[in-house]
Amino acid sequence: MSTRSLFPTLLYEAEIADEALMAALAHSIRSLARDDEAGRRWSKAHRYTGYTSYASLNDLPKRDPAMADLGRLLASHAAAFARAQDWSVKPKLDSLWVNLLKGGGHHGGHIHPHSIISGTLYVEVPPGSGAIRFEDPRLPLMMAAPVRDAFVTVEPRPGLLLLWESWLRHEVLPGGAKGERLSISFNFA
């Protein structure tokens, strides 16, 4: 008799302890939030509580040396995540955007189509910032399954890097932080 694990869902976690890089990224995020008028307009139109470059800037690693350094670092972590899953594909950074989320801000449940790996690096995280919550991908199929916890919540902290497969539904829960939570999200194809 045996029990096997079928189709596990992996979450990659690492700590980025490069203080100089983290300080440069924080500076870049705040500069972009100040200077990117298109991003501020998009954030306001879509009721994003703060600023995101998601829909306005698609060339951050070419535009900013700290983002270029981050892109190289992320590529090595994405390759490690792919190896952990025995993938034969070499992930390629497809998109990268910054987020400045103010207290009380949240981001509803979503996935990242057309990508294989998605993730977030937390740069600055004031106490009380909203956590990221992942949804069990079996949730819509559970029918008469026994009651179980269908969500996994991860509390953000400065330097925390998370990677997951892009089909995994996730959301940012509202937080009660008084400051701004700075993060950088990305996709690999």
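Since the structure is predicted, the reported quantities are computational estimates derived from the model, not experimental observations.
In the hydrophobic clustering of this structure, Trp97 does not group with Val125; members are Ile, Leu, Val, Met, Phe, Trp, Tyr whose side-chain heavy atoms approach within less than 4.5 Å, directly or through other members. Under the 4.5 Å side-chain heavy-atom criterion for ILVMFWY residues, no single connected hydrophobic cluster contains both Val123 and Tyr54. Grouping the Ile, Leu, Val, Met, Phe, Trp and Tyr side chains by contacts below 4.5 angstrom, directly or via other members, places Val89 apart from Leu168. A single hydrophobic cluster is not seen to contain both Val172 and Leu100; linkage of ILVMFWY side chains at heavy-atom distances under 4.5 Å, directly or through other members, places them apart. In the hydrophobic cluster analysis, where Ile, Leu, Val, Met, Phe, Trp and Tyr join through side-chain heavy atoms closer than 4.5 angstrom, Trp87 is grouped together with Tyr12.
Here the shortest heavy-atom pairing between Gly104 and Pro174 reads O-CB, 4.0 Å. In terms of heavy-atom proximity, Thr49 sits nearest to Leu101 at O-CD1, 3.4 Å. Annotation for His114 and Ala189: closest pair O-CB, 4.3 Å, computed over non-hydrogen atoms. Between Leu93 and Gly71, the shortest heavy-atom distance links the atoms CD2-CA, 4.0 Å. Between Val98 and Ile184, the shortest heavy-atom contact is CG1-CG1, 4.1 Å. Minimum interatomic distance between Leu163 and Ala78 (heavy atoms only, all atoms of both residues): CD2-CA, 3.7 Å.
In this structure, the side chains of Leu74 and Leu96 come closer than 4.5 Å at one or more pairs of heavy atoms. Leu162 has its side chain within reach of Val154: a pair of non-hydrogen atoms, C-beta onward, lies under 4.5 Å apart. Using a 4.5 Å cut-off on side-chain heavy atoms (C-beta onward), Leu60 and Leu32 make contact. Taking the side chain as every heavy atom from C-beta outward, Thr9 and Pro137 approach each other to under 4.5 Å. The shortest distance between side-chain heavy atoms of Ile16 and Tyr122 does not fall below 4.5 Å. With a 4.5 Å cut-off on side-chain heavy atoms, Trp164 and Phe134 count as touching. A 4.5 Å side-chain heavy-atom check between Leu160 and Glu13 finds at least one atom pair inside the cut-off. By the 4.5 Å heavy-atom criterion applied to side chains, Asp136 and Phe151 are not counted as neighbours.
With rounding to the nearest 0.5 angstrom, the CZ atom of Arg157 is 13.0 Å from the OG atom of Ser129. Once rounded to the nearest 0.5 Å, the distance linking OG of Ser183 with CD1 of Ile29 reads 6.5 Å. Interatomic distance, NE2 of His27 versus CE of Met22, reported as 15.5 Å (0.5 Å rounding). Phe188 contributes atom CZ, which lies 10.0 Å from atom OG of Ser118 (distance to the nearest 0.5 angstrom). His77 contributes atom NE2, which lies 9.0 Å from atom CG of Leu121 (distance to the nearest 0.5 angstrom). In this structure, CZ in Arg41 is found 12.5 Å from NE2 in His46, a value given to the nearest 0.5 Å.
Comment: Arg133 engages Glu171 in a salt bridge, judged by a side-chain N to carboxylate O separation of less than 4.0 angstrom. Salt bridge annotation for Glu124-Arg30: present, with a cationic side-chain nitrogen under 4.0 angstrom from a carboxylate oxygen. A salt bridge between Arg72 and Asp69 is present, with a side-chain N of the basic residue lying under 4.0 Å from a carboxylate O of the acidic one.
Heavy-atom contacts from other residues, nucleotides or ligands closer than 6.0 Å to CD of Glu37 number 12 or fewer.
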Original post:
Checking side chain to side chain contact (heavy atoms under 4.5 Å, CB included) for the pair Ile117/Asn187: CA distance, chi angles, key distance, verdict?
Top reply: CA-CA 6 Å; Ile117 297 172; Asn187 290 318; over 6 Å; no

Subject >> Chi angles and distances behind the side chain to side chain contact (heavy atoms under 4.5 Å, CB included) call for Leu25, Met67 >> reply: CA-CA 7 Å; Leu25 293 171; Met67 296 293 171; 3.9 Å; yes

Original post:
Do Tyr48 and Asn99 pass the side chain to side chain contact (heavy atoms under 4.5 Å, CB included) test, and can you show the C-alpha distance, the side-chain angles, and the key distance before you say yes or no?
Top reply: CA-CA 10 Å; Tyr48 187 86; Asn99 309 291; 3.3 Å; yes

**OP:** In sequence, state the C-alpha distance, the side-chain angles, and the governing distance for Arg181 and Lys102, and then conclude on side chain to side chain contact (heavy atoms under 4.5 Å, CB included).
**Re:** CA-CA 6 Å; Arg181 188 189 78 174; Lys102 295 184 178 180; over 6 Å; no

**OP:** Give the C-alpha distance, both sets of side-chain angles, the deciding distance and a yes or no for side chain to side chain donor-acceptor pair (under 3.5 Å) between Asp36 and Ser53.
**Re:** CA-CA 8 Å; Asp36 177 16; Ser53 67; 5.6 Å; no

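Ring geometry for His112 versus His110: interplanar angle of 30 to 60°, hence tilted.
The closest side-chain donor-acceptor pair between Thr120 and Ser185 falls under 3.5 angstrom.
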